[in-house]
Every structure is written in C-alpha cells, then in structure tokens.
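Both ligands and their constituent atoms are indexed starting at 1 by order of listing.
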Amino acid sequence: MEKQEFTNSRNLCWNQTCPEYGKINPNNIRKYGHTNKATPRVQCKTCKKVFVETIGTIFYGLQHSEKDVLECFALLAERNSLAAIHRLKGIKEETVVDWLLKAKNQIEQIEAVLLAKNTR
Ligand SMILES: [Zn+2]
C-alpha cells in the first residue's frame, strides 16, 4: 500500500499551501506540457501550480527499491545518522550519500511530504 502511494508520488501537489498538498490524487493532477528540456510537467487543478514531473526520476537505475530509498530518506529526516541507517537497513553509507546527491534538488520536497505523512 505504502509503496503504491510512493510509486504514484508524481500524482500529488507539491504546493504546501494547497489543500491537495501531499495527497495522492491522480484526478487532481493533469499533464501540462513539457519544459524546454522535454521534462514532462503536471498541473494541480486546485491551486493551478505547475510542477516538473521528475519526482520519480531519482529512482531510475538504482539497485534498491523506491521504498528502500524513501525509507532511508525518512530515517535521515528523523535525524538518524548514515551509520544508523546502515545498521537498520543494511544499506551502505556511500549508497545513501549517492542517492542524496541524485535527489539534492528534490530532497526538501520529499522530506516535506514524508514529514507531512508522519504527522498526520
Ligand atoms: Zn495544488
């Protein structure tokens, strides 16, 4: 269930002031053309904000599942150390650092969503 939600993470609104923020609601998000780099864009029908549909792309070509990656990010967001993550998840510290580098433009958004989920 959780994984399904994350898999569809591009179908949510990233605008923190929007009522649909952090909710998985594909009906609320519509395709909205492309950037000049051909990255697909989507628009939230509620707040009319446009987002680049790249939130799922950090997972491409990784050795671990999207769920593992997001769980590690969630652990980091809860102020766990890389050593603690290695102990808990059995994933090497340098692997997590590599994900962080890939995700650096999106990590704040991912953290915001994970933390929003946790406090619900
Ligand atoms: Zn919105």
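- Closest approach of T46 and E20 over heavy atoms only: OG1-CG, 3.1 Å.
- When side chains are defined from C-beta on, K89 counts as touching C72, because their heavy atoms get closer than 4.5 Å.
- Protein nitrogen, oxygen and sulfur atoms, that is N, O or S, within less than 2.8 Å of the Zn ion (ligand 1) amount to 4.
- Remark: I85 CD1 to T95 OG1 distance equals 11.5 Å, nearest 0.5 Å.
- Residues K45 and N27 approach most closely at NZ-O, 3.2 Å, considering heavy atoms.
- Side-chain contact between L76 and L100: present, with at least one pair of heavy atoms (C-beta onward) separated by less than 4.5 Å.
- Minimum heavy-atom separation, A83 to E93: CA-OE2, 3.6 Å.
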